[in-house]
There are 2 protein chains.
Amino acid sequence: MAEQAGTLRRTPLSRDRILRAAVALADEAGIESLSMRNLAQELGVVPMALYKHVANKDELLDGMIDVIVGEIEPLVPGADWQQTLRRRILSARQVLRRHLWAPLAIESRNMATPAVLAYLDSMVGTLRAGGLSADLAHHVMHALGSRILGFSQELFDASRQAGRSGATEPEPAAGLPPEAAARFPHLAEIATAASHDDGSVVGQGCDDQFEFEFALDLLLDGIERLRQQGWRSAHRPG
Amino acid sequence: MAEQAGTLRRTPLSRDRILRAAVALADEAGIESLSMRNLAQELGVVPMALYKHVANKDELLDGMIDVIVGEIEPLVPGADWQQTLRRRILSARQVLRRHLWAPLAIESRNMATPAVLAYLDSMVGTLRAGGLSADLAHHVMHALGSRILGFSQELFDASRQAGRSGATEPEPAAGLPPEAAARFPHLAEIATAASHDDGSVVGQGCDDQFEFEFALDLLLDGIERLRQQGWRSAHRPG
DNA sequence: ACCTGAACACCGTTCAAGT
DNA sequence: ACCTGAACACCGTTCAAGT
């Protein structure tokens with residue numbers, strides 16, 4: 001679309017409009033394409049105009065993180081703590097799947113924007129209301145880590161080994177390339193072993209959603225067991 | 001130290017020397033200070049000289065990751081799978097604590113260098129030798145995620161809320177700032193609740209090592225329980 | 001054939017000159 | 001007072017000119 005100068009004035013710039021445009025740009029073109037200059041051009045504006053609304057690029061990233069945290073399903077009370085946490089975390093995961101740049105952005109930032117803190121605070125509230133001690137709740141928050149926001153650092157993705165970034169690639173089959181399979185026999189074995197539903201999906205690659213829920217439930221079940229046992233953290237060696 | 005030209009020739013450039021210098025530079029000045037130009041200057045060399053030994057910056061980062069993976073304690077057989085994994089993962093954690101830039105570098109890369117794959121392969125070998133099915137081992141690798149390499153994404157660090165990067169800061173006390181504590185009461189409560197050894201450390205902040213081991217053991221214990229039960233992943237809904 | 005300076009196409013951000 | 005072009009101090013990488 002060609003720029004129409006003069007006749008049609010663009011909607012005025014605002015912090016909110018900048019943040020939404022930044023999120024959209026990162027969604028479509030990847031975080032590495034998100035520069036102040038690119039963003040300004042996308043908005044039909046001179047780069048310096050952005051600096052009236054965000055102090056610098058770091059603040060822009062913080063604002064973008066707040067935008068996506070705002071997309072997470074709000075707290076719905078009524079169920080037990082496990083179900084409440086589980087549902088909200090899986091909602092966060094759905095959000096993160098729309099914004100693949102977010103994990104990297106979150107890790108690169110120093111974190112702790114008010115919106116993230118509010119989210120974490122409500123999660124702790126759920127734990128406390130569920131009967132966990134403050135002590136246990138503290139450790140649980142650490143143990144869940146980034147999973148609370150719906151993502152996890154996956155080192156292990158047998159299929160991708162030399163591919164490019166590909167935010168929009170449709171999962172290019174599974175299994176290791178032959179020469180890698182020869183060097184790493186254990187990886188080769190388990191790469192094809194992810195028979196999630198009775199073997200019908202063998203070789204088709206693994207189900208991210210299943211893996212996420214598997215790990216999440218492993219943690220939640222272990223935590224509930226500790227809660228039932230009245231666990232206390234006074235067992236340091238030394 | 002002033003440059004001595006002519007009389008003393010520098011040791012010749014090599015891929016290995018470049019990688020070690022890059023790791024040292026990232027350790028000392030942070031990953032954001034690691035540029036091809038800075039690195040070249042550190043080595044007393046013109047920037048273009050680096051490109052004879054590494055194709056580009058991405059390959060440099062991959063090489064750096066391989067260097068630190070090489071620092072992880074090799075496999076020592078003899079113990080059960082839990083002890084073997086636990087020891088190696090805690091060794092990896094010690095390595096990562098010397099190279100604070102590594103998690104971000106690992107996340108920013110597409111991963112799967114041969115050295116990382118070899119490490120993962122040997123970890124899977126430990127699981128299989130310990131009696132886990134290939135199926136379960138697959139899910140376990142996903143569930144452990146970056147913890148296999150000794151780090152985890154911690155969203156939750158109650159103390160740091162507005163501080164700067166600070167790779168060398170000595171942990172600036174604990175507890176939330178007063179105004180944050182008022183807005184986020186649950187966070188405030190658990191921030192001071194990390195009484196790791198019988199209350200004597202209350203208020204001093206939390207023990208990263210304890211939190212890491214807590215989460216790791218929660219996972220390992222849960223996995224061992226599944227193994228004992230002969231768990232199989234055929235219970236998908238639908 | 002090898003090495004390397006200059007150049008290219010970018011960054012985030014400052015600053016002073018225009019209105 | 002506000003806006004913005006040019007400029008500054010960087011990037012990673014290419015390329016052609018030097019030896």
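Letters go in sequence order (proteins before strands), and every chain restarts at 1. FYI, side chains are in, hydrogens and waters are out, and symmetry mates aren't considered; it's all heavy atoms of this structure.
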With both distances kept under 3.5 Å, what pairs with [N], Watson-Crick or G-U wobble?
{"N": "C/dC3", "value": "none"}
{"N": "D/dA17", "value": "none"}
{"N": "D/dG12", "value": "C/dC8"}

- Task: Could you work out the separation of D/dT13 and C/dT13 based on their C1' atoms and round it to a whole Å?
- Result: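 That atom pair is separated by 23 Å.
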task: Please measure how far the C1' atom in D/dC11 lies from the corresponding atom in C/dA7, and state the result in whole Å.
output: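 Rounded to whole Å, the distance is 14 Å.
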Requested in this report: Indicate the ring-plane relationship of B/His142 and B/His138, choosing parallel, tilted or perpendicular according to the 30° and 60° boundaries.
Outcome: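 Correct class here is tilted.
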Q.
By nearest atom, which of the nucleotides C/dC11, D/dT14, D/dG5 is closest to the A/Met48 side chain?
A.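 Nearest nucleotide to the side chain: D/dG5.
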Which nucleotide in the set C/dC3, D/dG12, D/dT13 lies at the smallest distance from any side-chain heavy atom of B/Ser35?
->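 Shortest atom-to-atom distance from the side chain points to D/dG12.
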From B/Leu60, B/Asn56, B/Val54, residue fulfilling side chain to side chain contact (heavy atoms under 4.5 Å, CB included) relative to B/Asp58
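Exactly one pass, corresponding to B/Asn56.
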Exercise. Under 3.5 Å, is there a donor-acceptor pair between the A/Ser122 and A/Arg88 side chains?
Worked result: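 Their side chains do contain a donor-acceptor pair, which is all the 3.5 Å distance test asks for.
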If I take atom [atom1] in residue [X] and atom [atom2] in nucleotide [N], what distance separates them, rounded to the nearest angstrom?
{"X": "B/Leu39", "N": "D/dG12", "atom1": "CG", "atom2": "P", "value": "10 Å"}
{"X": "B/Glu32", "N": "D/dA9", "atom1": "CD", "atom2": "C1'", "value": "16 Å"}
{"X": "B/Arg37", "N": "C/dA6", "atom1": "CZ", "atom2": "P", "value": "12 Å"}
{"X": "B/Leu60", "N": "D/dC11", "atom1": "CG", "atom2": "P", "value": "14 Å"}
{"X": "B/Lys57", "N": "C/dC11", "atom1": "NZ", "atom2": "P", "value": "15 Å"}
{"X": "B/Leu50", "N": "C/dT4", "atom1": "CG", "atom2": "C1'", "value": "12 Å"}
{"X": "A/Leu34", "N": "C/dC10", "atom1": "CG", "atom2": "P", "value": "16 Å"}
{"X": "A/Gln41", "N": "C/dA9", "atom1": "CD", "atom2": "C1'", "value": "14 Å"}

C/dC11 phosphate, OP1 or OP2: any side-chain N/O from A/Asn38 under 4.0 angstrom?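 It does, given that an N or O in the side chain of A/Asn38 lies less than 4.0 Å from OP1 or OP2 of C/dC11.
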### Message
Whether A/Asn56 contacts C/dT14 is assessed here as follows: a side-chain N or O lying under 4.0 Å from the phosphate OP1 or OP2. Is that the case?
### Response
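So the side-chain polar atoms of A/Asn56 never come under 4.0 Å of the phosphate oxygens OP1 or OP2 of C/dT14.
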Once you round to the nearest 0.5 Å, how far does CE of B/Met141 lie from CG of A/Leu155?
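The distance works out to 8.0 Å.
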* To do: Take A/Leu85 and A/Leu144, measure what side-chain contact (heavy atoms from CB on, under 4.5 Å) needs, and give me the verdict at the end.
  => CA-CA 11 Å; A/Leu85 230 73; A/Leu144 288 174; 3.8 Å; yes
